[in-house]
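Single-structure report; data block below.
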Amino acid sequence: MRCMDCGKEMERGTVEALVPSVETWNIFTSEREKAKTGIQGFFRHTVTVPLRMEEQAAWHCPDCKKVLMWVGSRK
């Protein structure tokens, strides 16, 4: 897979969550949703991303030092 920042080849691996609790949750909000203002800003569409203790597929760019994770989401 190519890096979205620099275009160089990324190395494939896994990421493990090292969190003492059972599950960690993150919220993804698109740039389009973040740009909403006024009353529409209160009704932004977000996607819940659970980061479980299990391993997640990921790619690492050795040049940019970025990690791209492939994680399922919940609506």
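In this text the structure is predicted, and so the values were computed from the model without any measurement. All heavy atoms count here, side chains included; hydrogens, waters and symmetry mates do not.
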Please tabulate, for side-chain N and O atoms in residues 62-72, each donor-acceptor pair with protein atoms closer than 3.5 Å (sequence neighbours left out).
{"residue": "D63", "atom": "OD2", "partner": "K8", "partner atom": "NZ", "Å": "3.1"}
{"residue": "K65", "atom": "NZ", "partner": "P62", "partner atom": "O", "Å": "2.6"}

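Listed here is the closest heavy atom pair of R12 and A57: NH2-CB, 4.2 Å. When all heavy atoms are compared, the tightest approach of H45 to T29 is O-CG2, 4.4 Å. The nearest pair of heavy atoms linking E9 to M1 is OE2-N, 2.7 Å.
Residue pairs that meet the salt bridge (Lys or Arg N to Asp or Glu O under 4.0 Å) test with at least one member in residues 35-48, sequence neighbours left out, are E33-K36.
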